[in-house]
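Data block below; observations after.
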Amino acid sequence: MPLSGRRSRLAWAITAGSALLFAALLTRQTGVHAQSPGQNQLTVYSPRTSYSVPLLEVNGQPYAGLVELLEPLGSVDARIDGKKYKLHFTPPGGRPLEVQFTGGKDKGKVRGNGYKLPANFILQNGRGYLPLSVTSDLVSKLLATDTEFHAAARRLFIGNIQLRYTLELHKDNPSRLLLGFSSPVNPSIATEPGRVRLTFRREPIVSTGPENVPYSDPLISGASFSEHDGLAELDVTGTAPMMANFADGGRTIIITGAPAAAPVTQEAPAPLPPAPANPQNPSPQPRQPAAPRFLVLIDPAHGGSDIGAAITPSLPEKDVVLALARRVQHELANRGIAAGLLRNSDVAITLDQRATWTNAARPALYIALHAANTGQGVHVFTAMLPAANLSPQGFLPWDTAQAAFLDLSGSVAGSVAAELESRKLPNATLLAPLRPMNNIAAPAIAVEIAPPAGNVDEIASAAYQEQVAQSIAAGVAAVRAKLPEVRP
Ligand SMILES: [Zn+2]
């Protein structure tokens, strides 16, 4: 939910003395925005990149823009002279190749050879469009490489880049289904009771054999592959709530039963053993000192039946923050910082569980993530508590466990805000008495993203989330030396 979007928080919004926060509270409303389907598109998978080409419907036939199709693959120079359309495409390291068509005609030339289209070439608003069905052949001729076109699914593969998956059922208790990929994947994951759906928008995942695999297993009853609208989906069905976890750097996704009350993390921080009852009488064999580690715990807020805010009617906050959490984890890993997620699937976790697991894992930093459908930009919160010192016994009152870490939390918040600023993202740092942040015995911040420019659809855009994730990771990396590294 929006961190400042509930009436009950009005009191603290005012006591926080933050005009900005108060203004944000007053302007927030539950907006209802139509979700743009964005499905009328071709997805092109090339060895260098994956991208989408919007399609135009003409007389019920799909057409693709020639410049949009070719530009990500090389350099393009297109000219229109009356009804004549002439395009030069230069593949990387190659020579310019000529493509010619005429508006309203089905005959053209590609690399000097006659080329017949199945329907007329279209000129519209200064752009040239050709029938979707020939995009594969045209790209193949221009790049002199094999292409594979899945016409019904609107997916075009250039070169031998198809990514195949393997399915491996382990009949443990509970059973686990291991999805294996030859390179890391980052699907969006949706769960509902008895079902986990992985949606691949950028990865050239193709079917490996039977598209429906039934299992005779008490938990996992089947897996199926489908592709449509420029994306691929893997659907796993089961008899009980399930969750998905990433492993092996994103090359494996493990689907198993959702635990009733266990931390769901990618790199599950093992709870620490209890301290010796009598420190005067240490155990005769002192433990080997473990290697120092620097662990960041990311807490995607909400989950399960607690959907948080409805960013759009079909996009709950719980999904937005989970996707963002994975990006933050990835960006931290790029900077050599290990991070775990408090949940990596759509499960409900109480605030007390979040605090308990975090404190047991003793991370160097805790980051809670929220999203809001109103407001603008990114708000970075630290806890609003009176500053206090850690008592000599190391005892921390639960309600104010965060007090001893406020200075460090503030440093992290400031550093993240500076990175947001340098990326020209609207941002503000604020105080709020937020649970479970007040109960976290480690430096802690909460980050709430709102649309960058007031358009709610942009909140889920990969480009925006990536900018936010990079800001958070860069902000953490910049103050890493200040944060105490914790020994497990
Ligand atoms: Zn929230």
Side-chain angles (χ1 to χ4, degrees), residues 1-13 16 18 20-22 24-33 188 190-191 264 297-329 341-355 357-358 366-384 402 409 413 416 420 426-440 444-452 456-460 464-465 468-469 472:
M1 72 184 139
L3 296 187
S4 49
R6 288 284 171 94
R7 258 192 81 183
S8 59
R9 294 232 166 90
L10 186 60
W12 64 253
S18 160
L20 191 54
L21 183 60
F22 191 43
L25 184 77
L26 289 179
T27 55
R28 280 180 182 199
Q29 299 153 4
T30 307
V32 178
H33 298 255
S188 60
T191 62
V264 183
L297 268 189
I298 305 167
D299 182 4
H302 312 288
S305 56
D306 169 17
I307 69 160
I311 304 299
T312 69
S314 60
L315 181 65
E317 177 185 358
K318 63 177 184 175
D319 290 350
V320 172
V321 295
L322 180 54
L324 178 63
R326 293 196 183 118
R327 288 183 191 278
V328 173
Q329 182 183 42
L341 304 189
L342 275 188
R343 68 175 175 94
N344 203 344
S345 63
D346 186 17
V347 290
I349 319 175
T350 68
L351 295 175
D352 280 345
Q353 283 173 319
R354 290 173 202 261
W357 296 343
T358 301
Y366 164 91
I367 304 174
L369 298 177
H370 288 264
N373 55 9
T374 54
Q376 194 185 350
V378 184
H379 292 168
V380 185
F381 292 85
T382 52
M384 190 172 69
Q402 176 58 204
S409 301
V416 169
L420 290 163
N427 67 88
T429 48
L430 306 162
L431 301 176
L434 284 173
R435 292 202 64 219
M437 205 155 60
N438 287 9
N439 313 120
I440 302 293
I445 62 169
V447 177
E448 182 189 64
I449 62 166
V456 287
D457 289 329
E458 286 176 57
I459 206 168
Y464 179 52
Q465 289 204 1
V468 174
I472 294 171

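One-based numbering, in listed order, for ligands and for the atoms of each.
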Checklist entry - Between Asn373 and Val456, which heavy-atom pair has the shortest distance, and what is it? => result O-CG1, 3.1 Å
Checklist entry - Under 3.5 Å, is there a donor-acceptor pair linking the side chains of Asn344 and Arg326? => result yes
Checklist outcome for this item: The atom of Glu317 among N, O or S that is nearest the Zn ion (ligand 1) is OE2
Item to check | Opening angle at the Zn ion (ligand 1) [ND1, His370; NE2, His302; to 10 degrees] | outcome: 110°
Checklist entry - Within the stated cut-off of 2.8 Å, is an N/O/S atom of Glu448 closer than that to the Zn ion (ligand 1)? => result no
Item to check | Asn439 backbone acceptor or donor facing Gln402 side chain under 3.5 Å | outcome: no
Checklist entry - So, does Asp346 use its side chain to make a donor-acceptor pair with the main chain of Gly303 at under 3.5 Å? => result no
